[in-house]
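Just below is one structure, and these are the notes that go with it.
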Amino acid sequence: MRIGILTGGGDCPGLNAVIRAVVRKATGSGAEVVGFRDGWRGVLEDDAVPLDLTAVRGLLPRGGTVLGTSRTNPYALDGGPERVLATLERHRIDALVPVGGEDTLGVAAKLSEGGLRVVGVPKTIDNDLDGTDYTFGFDTAVGVAMEAIDRLHTTGDSHHRTLVVEVMGRHAGWIALHAGMAGGATVVLVPERPFDVDAVVAHCLHRFESGYSPIVVVSEGARPADGALVTSTGQTDAFGHVRLGGIGAALAAVLEERTGRESRAVVLGHIQRGGTPSAFDRVLATRFGLAAVDAVDAGLSGVMVALRGTDVVPVPISEATAALKLVPLERYREAEVFFG
């Protein structure tokens with residue numbers, strides 16, 4: 001048995017733990033593992049490296065991915081899928097384990113429909129992949145954002161200013177919701193709920209009146225009810241996603257004008273992606289890697305390993321990528337109790 005593995009899309013803490021687990025489990029049963037560098041680019045260009053026990057030692061606490069990653073889309077290139085299949089045939093790959101989010105696994109689902117044996121592993125700090133309760137990387141990102149919010153409370157109170165914290169979350173506001181609740185934010189703004197600027201201003205003024213300074217946590221994809229998304233460049237990636245950013249600065253300017261108090265924006269950006277994974281993410285990523293090899297050994301294909309409750313089970317990739325997992329209204333209303 002020869003198993004291929006790649007990591008695609010945005011990096012996140014826990015990817016190396018998956019790679020380590022796949023190699024440990026597969027080689028323990030006599031299989032060989034081949035890693036492809038920089039996601040689907042490595043398969044397209046036949047950029048591969050053999051992975052053995054020596055190659056994965058020390059990876060558990062390491063952030064990012066030693067295989068590298070990219071947002072390459074084989075289906076956006078002429079003959080892309082055919083080149084992928086040719087590379088896998090040259091390396092005699094029996095099954096491929098792509099580790100990624102909706103885009104990486106969306107490519108995997110199409111290749112699986114064409115006959116390629118695929119077992120996916122869900123990865124995204126946004127926690128927006130349907131079919132799994134949690135994705136690894138999310139817990140670490142929330143922890144980073146929460147610590148930043150904790151620190152901003154003290155500097156905000158010292159200067160009597162509003163601090164707007166922009167976190168990642170293109171279409172789903174899970175990071176903002178969890179970090180905002182854990183960090184005691186004055187307001188949390190998510191893409192699923194277009195916000196009323198007047199209400200945000202009122203919450204901030206109420207916070208000032210109580211003797212403390214407001215913290216507004218906003219997802220990069222959040223938008224006012226009467227406006228459009230704020231984009232930094234308007235550029236799109238290989239999967240057609242517009243690069244977002246700028247809502248934090250735009251909102252801070254409005255709040256400064258409307259409240260009469262100084263406002264500052266803090267963009268956490270890729271800080272949320274980097275660094276060592278939390279204990280939860282290390283364990284979840286390891287369990288996902290082990291389950292992926294079990295699924296390969298069982299002859300499964302076109303599936304993704306997923307966390308359901310406390311169990312890791314295979315689910316169809318098509319089910320997991322059919323729709324994004326968004327913040328439901330009832331979860332947002334829990335956070336609203338603490339606004340102001």
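Taking all atoms of both residues into account, the shortest heavy-atom contact from Pro98 to Ala108 is CG-CB, 3.6 Å. Closest heavy-atom contact between Val118 and Ile317: CG1-CD1, 3.9 Å. Closest approach of Ala292 and Val305 over heavy atoms only: N-CG1, 3.7 Å. Closest non-hydrogen pair, Ile247 versus Glu220, comes out as CG2-O, 3.7 Å. Nearest heavy atoms, Ala141 versus Ile125: CB-CB, 3.9 Å. Heavy atoms only, all atoms of each residue included: Val188 and Ala176 are closest at CG1-O, 3.5 Å.
With hydrogens and angles disregarded, no donor-acceptor distance shorter than 3.5 Å links the side chain of Asp281 to the backbone of Gly14. Put simply, the side chain of Asn127 never gets that close to the backbone of Trp174: no donor and acceptor are under 3.5 Å apart. Side-chain atoms of Thr7 come within 3.5 Å of backbone atoms of Gly68 as a donor-acceptor pair (strictly under, hydrogens ignored). Between the Asn16 side chain and the Gly64 main chain, a donor and an acceptor come within less than 3.5 Å of each other. Between the Ser219 side chain and the Gly221 main chain, no donor and acceptor come within less than 3.5 Å of each other. Side chain of Lys325 to backbone of Thr132: a donor-acceptor contact under 3.5 angstrom is found. Side chain of Lys123 to main chain of Ala285: no donor-acceptor pair is present (N/O by atom type, distance under 3.5 Å, no hydrogens or angles). Although no hydrogens or angles enter the test, the distance criterion places no donor-acceptor pair under 3.5 Å between the side chain of Thr27 and the main chain of Asp52. Judged by distance alone, with hydrogens and angles left aside, the side-chain atoms of Glu192 form no donor-acceptor pair with the main-chain N or O of Leu326 at under 3.5 Å. Between the Glu319 side chain and the Pro316 main chain, no donor and acceptor come within less than 3.5 Å of each other.
The distance from the CD atom of Glu45 to the CZ atom of Arg83 is 6.5 Å, given to the nearest 0.5 Å. Here CG of Leu15 is found 9.0 Å from CG of Leu67. Values are rounded to the nearest 0.5 Å. Between atom CZ of residue Arg57 and atom CZ of residue Arg24 there is a gap of 8.0 Å, rounded to the nearest 0.5 Å. Atoms CZ and CZ, on Arg41 and Arg71 in that order, are 15.5 Å from each other to the nearest 0.5 Å. Residue Leu300 holds its CG atom at 13.5 Å from CE of Met304, rounded to the nearest 0.5 Å. Taking CG of Asp126 as the start and CD of Glu102 as the end, the distance is 9.0 Å to the nearest 0.5 Å.
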Candidate pair Phe36 and His91, rule ring pair (Phe, Tyr, Trp, His ring centres under 6.0 Å), full reasoning: CA-CA 11 Å; Phe36 293 95; His91 287 275; 5.7 Å; yes
Tell me, with the steps shown, if Lys110 and Glu113 meet salt bridge (charged side-chain N to carboxylate O under 4.0 Å, His left out). CA-CA 5 Å; Lys110 291 181 181 179; Glu113 292 169 0; over 6 Å; no
Could you go through His270 and Arg273, starting from their C-alpha distance and side-chain angles, then the distance that decides it, and tell me whether this counts as side-chain contact (heavy atoms from CB on, under 4.5 Å)? CA-CA 5 Å; His270 288 78; Arg273 291 194 180 280; 3.8 Å; yes
Start with the C-alpha distance between Arg258 and Asp198, add both sets of side-chain angles, then the distance that settles salt bridge (charged side-chain N to carboxylate O under 4.0 Å, His left out), and finish with yes or no. CA-CA 9 Å; Arg258 298 280 300 275; Asp198 290 339; 2.6 Å; yes
I'd like to know whether Arg151 forms a side-chain contact (heavy atoms from CB on, under 4.5 Å) with Met146, so could you lay out the CA-CA distance, the side-chain angles of the two residues, the decisive distance to 0.1 Å, and finally the verdict. CA-CA 9 Å; Arg151 293 175 181 273; Met146 180 197 70; over 6 Å; no
Apply side-chain contact (heavy atoms from CB on, under 4.5 Å) to the pair Met1 and Val296, showing each step before the final yes or no. CA-CA 10 Å; Met1 173 73 70; Val296 169; 4.1 Å; yes
After noting the C-alpha distance and the side-chain angles of Asp130 and Thr321, does the key distance pass the side-chain contact (heavy atoms from CB on, under 4.5 Å) rule? CA-CA 6 Å; Asp130 207 10; Thr321 58; over 6 Å; no
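At least one side-chain heavy atom of Phe136 sits under 4.5 Å from a side-chain heavy atom of Val121. Between Val217 and Val167, some side-chain heavy-atom pair lies under the 4.5 Å cut-off. Residues Leu96 and Leu116 meet the side-chain proximity criterion, which asks for heavy atoms closer than 4.5 Å. Side-chain contact check for Val303 versus Val315: every heavy-atom pair is 4.5 Å or farther apart. Residues Asp103 and Asn73 fail the side-chain proximity criterion, which asks for heavy atoms closer than 4.5 Å. The side-chain heavy atoms of Ile5 and Val34, taken from C-beta on, include no pair separated by under 4.5 Å. The shortest distance between side-chain heavy atoms of Leu152 and Val165 falls below 4.5 Å. The shortest distance between side-chain heavy atoms of Thr72 and Leu44 falls below 4.5 Å.
At a threshold of 4.5 Å between side-chain heavy atoms, the hydrophobic network of Ile, Leu, Val, Met, Phe, Trp and Tyr places Val144 and Val216 in two separate groups. Both Tyr332 and Ile215 are members of a single hydrophobic cluster when ILVMFWY side chains are connected at heavy-atom separations under 4.5 Å. At a threshold of 4.5 Å between side-chain heavy atoms, the hydrophobic network of Ile, Leu, Val, Met, Phe, Trp and Tyr places Val18 and Val312 in one connected group. The hydrophobic clustering, which links ILVMFWY residues whose side-chain heavy atoms are closer than 4.5 Å, places Phe138 and Phe280 together. A single hydrophobic cluster is seen to contain both Val254 and Val164, as judged by linkage of ILVMFWY side chains at heavy-atom distances under 4.5 Å, directly or through other members.
Ion pair Asp128/Arg170 not flagged as a salt bridge, since none of the NZ, NE, NH1 or NH2 atoms sits closer than 4.0 Å to an Asp/Glu carboxylate oxygen. Salt bridge absent: Asp94 and Arg2 never bring a charged side-chain N and a carboxylate O closer than 4.0 Å. Glu330 and Arg333 are not joined by a salt bridge, as no carboxylate oxygen comes within less than 4.0 angstrom of a charged side-chain nitrogen. Arg90 has a carboxylate O that lies under 4.0 Å from a charged side-chain N of Asp46, or vice versa, which qualifies the two as a salt bridge. Contact check on Arg207 versus Glu209 returns no salt bridge, with no Lys/Arg side-chain nitrogen under 4.0 Å from an Asp/Glu carboxylate oxygen.
Other residues, nucleotides and ligands place no more than 12 heavy atoms under 6.0 Å from the CD atom of Glu257. Crowding of Tyr75 atom OH: a count of heavy atoms from other residues, nucleotides or ligands under 6.0 Å exceeding 12. Summarising the local packing, CZ of Arg62 is surrounded by 12 or fewer heavy atoms from other residues, nucleotides or ligands at distances under 6.0 Å.
Cation-pi contact between Arg261 and Phe208: present, with separation from the ring centre below 6.0 Å and deviation from the ring axis of at most 45°.
For the residue pair Arg282/Thr276, the side-chain donor-acceptor check at 3.5 Å is satisfied. Between Thr69 and Asp11, the side chains place no donor N or O within less than 3.5 Å of an acceptor N or O (distance only, hydrogens not considered).
The residue from Ser210, Pro214, Ser213 that alone fulfils the side chain to side chain contact (heavy atoms under 4.5 Å, CB included) condition with Thr186 is Pro214.
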